[in-house]
2 protein chains.
Amino acid sequence: MRGEQTPRLREALEDDIVAGRLKPGQRLDEVGLAERFGVSRTPIREALIQLSSSGLVEIRPRRGAFVVLLGPRELIESFELMAEIEASCGRLAVQRMGPSDREAISEAHETCRIAAAAGDEEAYYPANARFHGAIYAATGNRVLAGEALRLQRALQPYRRLQLKVPRRVEASFAEHQGIVDALFADDGPRAAERLRAHVLVQGERFMTLLAALQAESEALEDAG
Amino acid sequence: MRGEQTPRLREALEDDIVAGRLKPGQRLDEVGLAERFGVSRTPIREALIQLSSSGLVEIRPRRGAFVVLLGPRELIESFELMAEIEASCGRLAVQRMGPSDREAISEAHETCRIAAAAGDEEAYYPANARFHGAIYAATGNRVLAGEALRLQRALQPYRRLQLKVPRRVEASFAEHQGIVDALFADDGPRAAERLRAHVLVQGERFMTLLAALQAESEALEDAG
DNA sequence: GTCAACAATCATGTATGCAAGATTTTCTCT
DNA sequence: AGAGAAAATCTTGCATACATGATTGTTGAC
């Protein structure tokens with residue numbers, strides 16, 4: 001056995017969670033994961049601890065590790081934090097982005113346009129992540145960009161649940177257009193405001209969906 | 001042996017780092033720490049992994065764990081992130097703070113005043129942390145407040161090095177006064193701007209100090 | 001039939017053992 | 001004596017073992 005299992009395991013689990021193969025609330029059995037990856041519990045535990053620090057996993061003492069399931073309040077608060085950070089990124093990006101940053105943003109935006117025009121939600125997700133990532137990178141602040149990326153991933157499992165919101169992709173792309181316009185007009189405050197609104201409205205859309213789902217499940221409970 | 005060593009160890013190490021008893025760049029030997037705390041390496045390792053995720057420790061594969069020593073660039077970037085988050089907190093606090101929040105801010109501010117008037121740097125530190133913490137809490141957003149607190153602690157070891165900057169405490173308190181004025185005048189944008197400036201200027205002061213220290217050490221090298 | 005208590009089972013938390021990479025020391029050659 | 005290579009030492013990364021708290025299943029009483 002030649003070293004460095006933990007990073008690989010962390011990434012694999014992270015991918016599984018972000019991609020939705022491991023669902024929020026699901027329990028992560030150490031022995032099961034150890035068998036699945038062909039390692040002992042030790043590196044699995046270390047990977048889980050790292051994931052708990054990045055917000056994707058919750059470890060309850062003596063109870064085990066669970067894929068984080070944010071409650072409504074935490075979700076709202078997380079989206080608000082995300083909105084604030086994205087707004088900051090937008091303002092700073094306007095001040096500092098160079099030609100290659102503009103190119104990266106334009107390119108990701110075009111990829112979004114294609115996916116949106118085709119109504120291809122599966123393609124829109126990664127394009128959207130790249131678009132926002134390009135804005136983070138354009139700030140030139142790696143610490144800030146790293147925080148933004150971490151939060152983006154932590155919230156990804158919940159964005160995934162928005163699949164059924166009608167015309168979601170079209171609305172998102174229209175907002176992107178407004179953001180790009182502000183960025184390329186070197187209007188920092190406007191870019192910040194539009195990014196903030198873009199993220200907050202996502203959160204709100206999600207909460208609406210959540211309320212609908214809860215009402216539905218309660219109706220089922222009453223019926224059953 | 002009755003469970004749950006890891007959290008205790010994490011807190012103890014965190015305190016040591018934040019309080020400066022473990023200095024940036026210092027190596028953290030697993031065996032040594034295990035002996036010191038009277039446990040095996042396993043919970044020590046887990047605590048170190050957690051600290052690495054919260055930004056206080058850096059783990060280099062096969063090399064060991066080190067108290068994080070941010071380079072100039074990372075320091076500037078971290079202070080900028082902190083400034084953005086604090087600005088957001090200020091703006092949101094104006095929108096949402098209740099009477100008890102105002103009281104907590106006032107109280108912490110008065111404690112700062114006393115420490116500043118006495119020129120008591122040791123007392124000013126915790127009072128300053130409480131003042132900022134009261135603003136985070138006033139946002140009503142626990143996720144945001146948690147992030148702000150995490151960053152505050154990650155940067156604490158570097159703030160500590162500013163001890164020798166002349167009239168630092170007086171300048172800081174004067175800035176606090178401006179922040180409080182804006183907050184209590186319900187002027188969100190102004191509070192945000194003043195908080196941003198307050199944190200950024202701290203970073204700049206620190207960088208100036210750092211440059212001076214480096215010049216000094218280089219002069220010593222040349223002489224020796 | 002339901003609930004409670006107890007026993008058996010299971011998973012986690014920690015300790016210990018071992019292999020491999022990193023570091024330091026020593027030895028050799030120039 | 002200094003530089004480089006080889007060996008000894010040390011430390012980390014992972015595997016395994018074991019004890020304790022959690023969970024589940026069973027039995028018995030009401």
Side-chain angles (χ1 to χ4, degrees), chain A residues 1-17 21-71 221 224, chain B residues 1-17 21-71 221 224:
Chain A
M1 198 69 48
R2 57 168 193 340
E4 291 323 306
Q5 298 293 331
T6 303
R8 177 175 73 85
L9 298 172
R10 186 183 55 69
E11 283 169 30
L13 288 171
E14 187 172 292
D15 286 348
D16 281 351
I17 294 171
R21 290 186 290 275
L22 294 173
K23 299 205 183 344
Q26 184 171 339
R27 182 155 180 285
L28 298 170
D29 178 60
E30 293 181 3
V31 176
L33 292 173
E35 284 174 8
R36 177 179 145 200
F37 287 104
V39 297
S40 78
R41 281 173 51 219
T42 308
I44 294 286
R45 274 182 74 84
E46 299 191 345
L48 290 175
I49 290 170
Q50 287 186 269
L51 288 170
S52 85
S53 301
S54 71
L56 284 167
V57 159
E58 182 186 354
I59 294 178
R60 279 178 267 180
R62 280 281 177 198
R63 307 289 300 275
F66 299 80
V67 179
V68 160
L69 178 62
L70 297 179
E221 272 176 34
Chain B
M1 199 67 49
R2 56 167 191 343
E4 289 324 304
Q5 299 293 330
T6 303
R8 176 175 73 85
L9 297 172
R10 186 183 57 68
E11 283 170 30
L13 288 171
E14 187 171 291
D15 286 348
D16 281 352
I17 293 172
R21 289 187 291 275
L22 294 172
K23 297 199 184 350
Q26 185 172 338
R27 183 153 178 287
L28 298 170
D29 179 60
E30 294 179 2
V31 176
L33 292 172
E35 284 174 7
R36 178 179 145 201
F37 288 105
V39 298
S40 78
R41 282 172 52 218
T42 307
I44 294 287
R45 275 181 73 84
E46 299 193 343
L48 289 175
I49 290 169
Q50 286 186 270
L51 288 171
S52 84
S53 300
S54 72
L56 284 167
V57 159
E58 181 188 354
I59 295 178
R60 279 178 265 180
R62 283 275 176 205
R63 307 287 299 276
F66 300 79
V67 179
V68 160
L69 177 62
L70 296 180
E221 273 176 32

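Throughout, protein chains are lettered first and strands after them, A, B, ... in sequence-line order, and every chain is numbered starting at 1.
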Classify the side chain of Arg41(B) and the base of dG13(D) as holding, or not holding, a donor-acceptor pair under 3.5 Å.
yes

Arg10(A) has an atom CZ; how far is it from atom C1' of dC14(D), in whole Å?
18 Å

Check whether any side-chain nitrogen or oxygen of Thr6(B) sits under 4.0 Å from OP1 or OP2 of dT14(C), and answer yes or no.
yes

Spacing of Leu48(B) atom CG relative to dT14(C) atom P, expressed in whole Å:
14 Å

Please report the distance, rounded to the nearest Å, between CD in Glu46(B) and C1' in dA15(C).
12 Å

What integer distance in Å separates Gln5(B):CD from dT16(C):P?
13 Å

Please report the shortest heavy-atom distance between Phe37(B) and Arg8(B), naming the atom on each side.
O-NH2, 4.0 Å

I want to check one thing: is the phosphate of dG13(C), taken as OP1 and OP2, less than 4.0 Å away from some side-chain N or O of Arg62(A)?
no

Whole-Å distance, Glu30(B) CD to dA15(C) P, equals 13 Å

For residues 50-58 of chain B, please give each side-chain donor-acceptor pair under 3.5 Å, one per line with the distance, not counting sequence neighbours.
from: Ser52(B); atom 1: OG; to: Ile49(B); atom 2: O; distance (Å): 2.8
from: Ser53(B); atom 1: OG; to: Ile49(B); atom 2: O; distance (Å): 3.2
from: Ser54(B); atom 1: OG; to: Leu51(B); atom 2: O; distance (Å): 3.3

Please state how far atom CD1 in Ile49(B) lies from atom P in dC14(D), giving the value in whole angstrom units.
9 Å

I want to check something: taking the side chain as every heavy atom from C-beta on, are Asp15(A) and Arg21(A) in contact at a cut-off of under 4.5 Å?
yes

Assign each of Thr42(B) and Asp29(B) the nucleotide of DNA chain D bearing its closest heavy atom; nearer the 5' end lies the nucleotide of Asp29(B)

Grab the CD-P distance between Glu35(B) and dT16(C) for me, whole Å please.
12 Å

With the threshold set at 4.0 Å, does a side-chain nitrogen-carboxylate oxygen contact exist between Asp29(A) and Arg36(A)?
no

With a 4.0 Å cut-off on heavy atoms, is Arg63(A) in touch with a base, just the backbone sugar-phosphate, or nothing at all?
sugar-phosphate

Closest approach of Pro24(A) and Val67(A), non-hydrogen atoms and distance?
CA-CG1, 3.6 Å

Separation of dC14(D) P from Leu33(A) CG (nearest whole Å):
16 Å

Short side-chain N/O contact to dT12(C) OP1/OP2 from Arg27(A), under 4.0 Å:
yes

